[in-house]
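We count ligands from 1, going down the list as the structure has it; atoms in each ligand are counted the same way.
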Amino acid sequence: MNRPFEQVPKSWHEQIINLLAERVVIVDRNGMILYINEGYCEFIGTTVEEAVNRPVQDVIENSRMHIVAQSGQKELAALQKINGSEMIANRFPIFENGELVGAIGSVMFRNPEEWRMYKTKIQSLVEELNYYQAKVQRDLRSKYTFKDLIGSSPAFLAVKKLAERVSGSNSSVLLNGESGTGKELFAHAIHNSSVRAAFPFVAINCSSIPEHLLESELFGYEDGAFTGAKKGGKKGQFEIANEGTLFLDEIGDMPLSMQSKLLRVLQEKELHRVGGHKPIPVDVRIIAATHRDLEQLVEEGKFRQDLYYRLNVIKIDIPPLRERNEDIPDIAKALLNKLEPKFYRHGLEISNEVKERLMQHSWPGNVRELENVLERSINVLDGKTIQLVHLPLYLRDQETKSKEENDGQSFTRSLSTPFRSSIPLTVQPLKETLAQAEKQAIQKALTMTNGNKIEAAKLLKVGKTSFYDKCRAYRIQ
Ligand SMILES: Nc1ncnc2c1ncn2[C@@H]1O[C@H](COP(=O)(O)OP(=O)(O)OP(=O)(O)O)[C@@H](O)[C@H]1O
Ligand SMILES: [Mg+2]
């Protein structure tokens, strides 16, 4: 039977090809150009005579036609950079009697209008992608150095010195300190002054990743490891951090099952992706951090002792702010400088009374709480100097309380009891009083953490679930 195409006169073929696609190239098995149309030649700044019978990769920038002519694998909608623009190329192998004989390729866009539409749509997507890729790369760099760690109290300087000294070594570091003491800042600084500084700094928060995702997040997965797994698999944070530093924040919250897997990787210096069989070597320095007492967790059977020893090679205890309150004015100044651009302000100051007040407070939320207090103050500040009235209520309240305590005489007299305190005179059931105190404590903690519930739960030393339950019960948003 006559195949319909054979009825199409041969003399029409070239025209048909050129109408179907504006830029076409045909190569033989060795990637030599057999045919290239004028549109393509014009686009790449050559002529048909010059291009034909030459290796395609010498004529067309970033061409993969010679590869397709060898592999027999078609490539559809592949991005190809030509003349500084990302073009979309389709490449098909050509078979004759089942044998691979060459390939045909086309680059899309038939007219300037199509090109313009493409440019506005796809090109902007490509640019966006490039932007985010660069941003991810930047984020993988650590941002802070020891210079950013403010404080000159002996307690703080000793810790800073220890951290600086150990940054050159490859041993694991365990940063211990209350919430907001600067554990993450220390981790950045240690990485930045180590020989690994040019390589990635990858931070992962063990408490914020659901248990079933933690393994693939840390170790990555192979193609088809589970339903919904990305095609081609995915690198885990360990692999991304290769040659650099992996910061395991909130290590005390890592589930026991993951602790064993982590220990194995640290000992063997190689990992297995989820669903993968071949071991992948990794060279990563671990900096772990926690606000919890790991030794106690070990005693309670909630943290593996062997992992604890492995991580605890160098332990750095960051003192809470209340134990170094002489650092508060300097830190407050530095934080103010950091906050100014966010509010388009400049030259902000802190009054002496405020400095004193800040030094009196016990800062359960440490530097982060101080940062939040300053941010709130800037919000209500018209002039340049932060005064007592600009402080949040709970810090201003301290004044009232200590005043009452100092000249508490009138108060005691009116109470006509031996107690000298600020107990309200009305009495209500104990249950309600406790509930009220609990509600106030929660609200205060939320104020200190700028509404961050996880941080607030940490401050109050209660579990996340019970904290959320209480918020619901007291209708706290
Ligand atoms: N010594 C310091 N000098 C200047 N800024 C600091 C200092 N310590 C902490 N900060 C700032 O305080 C904030 C909290 O620090 P960081 O996130 O490192 O604390 P953390 O110990 O990791 O807290 P958490 O346990 O809640 O995660 C950050 O904005 C950080 O920049
Ligand atoms: Mg932290």
> Answer yes when Arg273 and Glu215 have at least one side-chain N-carboxylate O distance shorter than 4.0 Å, and no when they do not.
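Glu215 and Arg273: not salt-bridged.
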
> Regarding Ser260 and Arg304, is there a side-chain donor-to-acceptor distance under 3.5 Å anywhere?
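Arg304 and Ser260 do have a side-chain donor-acceptor pair below 3.5 Å.
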
> For a quick check under 3.5 Å, do Glu369 and His361 share a side-chain donor-acceptor pair by atom type?
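Present: a donor and an acceptor within the cut-off.
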
> Quick one: are Leu348 and Arg345 in side-chain contact, heavy atoms under 4.5 Å?
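In contact.
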
> Based purely on interatomic distance, does Phe156 place a nitrogen or oxygen under 3.5 Å from a nitrogen or oxygen of ligand 1?
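No; every N/O pair is 3.5 Å or more apart.
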
> Does the N or O separation between Tyr144 and ligand 1 drop below 3.5 Å for any pair?
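No - when backbone and side-chain N and O of Tyr144 are compared with those of ligand 1, no distance drops under 3.5 Å.
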
> Please report which non-hydrogen protein atom sits nearest to atom 24 (P) of ligand 1, along with the residue it belongs to and the distance in Å to one decimal place.
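For this ligand atom, the closest protein heavy atom is Gly180 N, 3.6 Å.
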
> Checking the N or O distance criterion of under 3.5 Å, is ligand 1 in contact with Ile150?
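Yes, at least one N or O pair falls under 3.5 Å.
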
> For the residue pair Ser193 / Ser167, report whether a side-chain donor-acceptor contact shorter than 3.5 Å exists.
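Their side chains do contain a donor-acceptor pair, which is all the 3.5 Å distance test asks for.
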
> Between Glu178 and His291, is there a donor-acceptor pair closer than 3.5 Å when you use the side chain of the first and the backbone of the second?
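Flag not set: sc Glu178 to bb His291 has no pair under 3.5 Å.
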
> Quick one: which ligand 1 atoms are inside 4.0 Å of a heavy atom on Lys338?
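Contacts of ligand 1 toward Lys338, numbered from 1: 29 (O), 31 (O).
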
> Measuring from atom 4 (C) of ligand 1, which candidate in Asp148, Val367, Leu149 has the nearest non-hydrogen atom?
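It is Asp148 that holds the nearest heavy atom.
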
> Would you say Arg324 and ligand 1 have an N/O pair spaced under 3.5 Å apart?
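The answer is no, given that Arg324 and ligand 1 share no N or O pair closer than 3.5 Å.
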
> Hey, is Gly151 one of the residues with a heavy atom under 4.0 angstrom from ligand 1?
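No, that is not the case, since the closest heavy atom of the residue is not under 4.0 Å from the ligand.
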
> Would you check the N or O atoms of Leu335, main chain and side chain alike, for any that come under 3.5 Å of an N or O of ligand 1?
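No - when backbone and side-chain N and O of Leu335 are compared with those of ligand 1, no distance drops under 3.5 Å.
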
> Which residue supplies the protein heavy atom nearest to atom 22 (O) of ligand 1, what is that atom called, and how far is it?
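Of the protein heavy atoms, Glu184 N, 3.2 Å lies nearest.
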
> Quick test: of every protein heavy atom, which one is nearest to atom 5 (N) of ligand 1, and how far off is it to 0.1 Å?
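The closest one turns out to be Leu185 CD2, 3.8 Å.
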
> Would you confirm whether Asp249, through its side chain, and Ile204, through its main-chain N or O, come within 3.5 Å as a donor-acceptor pair?
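Looks like no, no N/O pair under 3.5 Å.
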
> Show the atoms of ligand 1 that are less than 4.0 angstrom away from any heavy atom in Glu455.
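Matching atoms, with element in brackets: 26 (O).
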
> Give me the nearest non-hydrogen protein atom to atom 17 (O) of ligand 1 as residue plus atom name, then the distance to 0.1 Å.
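Minimum-distance protein heavy atom for atom 17 (O) of ligand 1 reads Arg368 NH2, 3.0 Å.
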
> Can Glu438 and Tyr474 be counted as having a side-chain donor-acceptor contact under 3.5 angstrom?
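Yes, Tyr474 and Glu438 have a side-chain donor paired with an acceptor closer than 3.5 Å.
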
> Regarding atom 21 (O) of ligand 1: of the candidates Lys183, Glu250, Lys160, which has the closest heavy atom?
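Selected option, by shortest heavy-atom distance: Lys183.
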
> What's the shortest distance from atom 19 (O) of ligand 1 to any protein heavy atom, and which residue and atom give it?
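For atom 19 (O) of ligand 1, the nearest protein heavy atom is Gly182 N, 3.2 Å.
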
> For atom 28 (C) of ligand 1, grab the closest protein heavy atom and report residue, atom and distance to one decimal in Å.
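Residue, atom and distance for the closest contact: Glu371 OE1, 3.6 Å.
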
> Looking only at heavy atoms, is any part of His291 under 4.0 Å from ligand 1, and if so is it the side chain, the backbone, or both, or is it neither?
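Neither; no heavy atom under 4.0 Å.
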
> Tell me, please, which residues at least two apart from Phe303 pass ring pair (Phe, Tyr, Trp, His ring centres under 6.0 Å).
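Partners of Phe303 under the ring pair (Phe, Tyr, Trp, His ring centres under 6.0 Å) test: none.
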
> Which residues satisfy the ring pair (Phe, Tyr, Trp, His ring centres under 6.0 Å) test with Phe247, sequence neighbours excluded?
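Phe247 satisfies ring pair (Phe, Tyr, Trp, His ring centres under 6.0 Å) with no other residue.
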
> Between Glu300 and Gln296, is any side-chain donor less than 3.5 angstrom from a side-chain acceptor?
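Glu300 vs Gln296: donor-acceptor pair found between side chains.
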
